[in-house]
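Have a look at the structure below before the remarks.
Please read these numbers as outputs of a predicted model, since none were measured by experiment. Basis for what follows: all heavy atoms, side chains included, without hydrogens, waters or symmetry-related copies.
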Amino acid sequence: MSALYDDAAKVLSAWAATSEDAELARKRTLDLLADGPEAMTRAHRAGHVTASALIVDDAGRVLLCLHGRLGMWMQLGGHCEPGDTTLAAAALREATEESGIDGLVIDPEPIDIDIHEVRCGAADGAPAEPSVHFDVRFLVRSPAGATERISEESADLAWFTPDDLPSPLASGTVRQIAPALKRIG
């Protein structure tokens, strides 16, 4: 996790946040990273960095999943794993696993950071306990004509236009759409 930790510190130190909320979250995430590489893992129960991907197609639609356990629509993503060497690589791995789409292309600069309370289990399958996700979010572009496949983690997976989003949405989902669309604009 040392390479991933180093990447997270470097990326977040240099990132120009896309909003005031994202800037506050960036600073809080850098404070968390002061705890060392363990802050990248679920073992850091006070909170840990996660990586998410907002998948966008050429028409400007976003791919959201209906999270199976939470029952809310959100971007794809999750916990960093030992083989991840960058935050962008972790987000791309999660996006590919959860969407079933091959050929996704990630923009390596974050579009948002959202900090939210969760209940998640440790990597060893221990029962879910309170924690906090410091979720670094990236723009991922879908290849033309891609067909998504629902993963075990999702109850549903669907494309939405930014002006016709589903309900209920997870906190912070909407906030990342504008910076993503601006970047591809």
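When the side chains of ILVMFWY residues are joined at heavy-atom separations under 4.5 Å, either directly or via intervening members, L165 and L66 end up in a single hydrophobic cluster. Neither V174 nor W159 shares a network with the other; the hydrophobic side chains, linked directly or stepwise wherever heavy atoms of I, L, V, M, F, W or Y lie under 4.5 Å apart, form separate groups for each. Hydrophobic clustering keeps V118 apart from L87 (ILVMFWY residues linked when any side-chain heavy atoms are closer than 4.5 Å, directly or through intermediates). Both M40 and L92 are part of a single hydrophobic cluster, where members link through side-chain heavy atoms under 4.5 Å apart. Grouping the Ile, Leu, Val, Met, Phe, Trp and Tyr side chains by contacts below 4.5 angstrom, directly or via other members, places V49 with I113.
Not a single donor-acceptor pair under 3.5 Å links the side chain of S13 to the backbone N or O of K10. Remark: side-chain polar atoms of S151 are not paired, donor with acceptor, to backbone N or O of E97 under 3.5 angstrom. Side-chain N or O atoms of R183 include one that pairs as donor or acceptor with a backbone N or O of E109 at under 3.5 Å. Looking at D35, its side chain never comes within 3.5 Å of a backbone N or O of A39 through a donor-acceptor pair. Within the 3.5 Å criterion, the main-chain N or O of I150 finds no donor-acceptor partner in the side chain of S154. A distance-only check finds no donor-acceptor pair linking the side chain of R175 to the backbone of A22 [under 3.5 Å].
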Q. Could you go step by step and tell me if L169 and M74 meet the side chain to side chain contact (heavy atoms under 4.5 Å, CB included) rule?
A. CA-CA 6 Å; L169 281 173; M74 63 186 66; over 6 Å; no
Q: Could you walk me through whether V140 and V56 pass the side chain to side chain contact (heavy atoms under 4.5 Å, CB included) test, one step at a time?
A: CA-CA 6 Å; V140 173; V56 180; over 6 Å; no
Q: Kindly determine whether F138 and L54 satisfy side chain to side chain contact (heavy atoms under 4.5 Å, CB included), including the steps that lead there.
A: CA-CA 6 Å; F138 294 86; L54 183 67; over 6 Å; no
Q: Go through L157 and L64 one step at a time and tell me if the side chain to side chain contact (heavy atoms under 4.5 Å, CB included) criterion holds.
A: CA-CA 6 Å; L157 194 62; L64 299 177; over 6 Å; no
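Taking all atoms of both residues into account, the shortest heavy-atom contact from W73 to P166 is CG-CG, 3.4 Å. Nearest heavy atom pair, residue P143 against residue L104, reads CD-CD2, 4.1 Å. Nearest heavy-atom pair, L33 versus Y5, reported as atom, atom and distance to 0.1 Å: O-OH, 2.8 Å. Of all heavy-atom pairs between A88 and P108, the closest is CB-CA, 4.1 Å. When all heavy atoms are compared, the tightest approach of P162 to G60 is CD-O, 3.5 Å. Contact detail for I101 and A146: the closest heavy-atom pair is CG2-CB, 3.6 Å.
With rounding to the nearest 0.5 Å, the separation of OG in S142 from CD1 in I55 is 6.5 Å. Note that the CD atom of E38 and the CZ atom of R45 stand 10.5 Å from one another [nearest 0.5 Å]. Note that the OG1 atom of T173 and the CG atom of D114 stand 7.5 Å from one another [nearest 0.5 Å]. Summarising the geometry, atom CD1 belonging to I111 is positioned 5.0 Å from atom CD belonging to Q176; distances are rounded to the nearest 0.5 Å.
Each of C80, P110, S52 was compared with V136 under the side-chain contact (heavy atoms from CB on, under 4.5 Å) criterion, and only P110 meets it. Under the side-chain contact (heavy atoms from CB on, under 4.5 Å) rule, I115 has a single partner from L24, D21, V132, L32, which is V132.
Remark: E81 engages R93 in a salt bridge, criterion side-chain N to carboxylate O under 4.0 Å.
Residues L76 and E94 are not in side-chain contact: their nearest non-hydrogen atoms beyond the backbone lie 4.5 Å or more apart.
For H133, the ring-ring contact (aromatic ring centres under 6.0 Å, His included) criterion is met by H48, H79, H116, not counting sequence neighbours. Evaluation of the side-chain hydrogen bond (donor to acceptor under 3.5 Å, both in side chains) rule for S99 yields no partner, not counting sequence neighbours.
The closest side-chain donor-acceptor pair between T50 and D135 falls under 3.5 angstrom. A side-chain donor-acceptor contact under 3.5 Å links T161 and D163.
With a 6.0 Å radius and a threshold of 12 heavy atoms from other residues, nucleotides or ligands, R28 has its CZ atom at or below the threshold.
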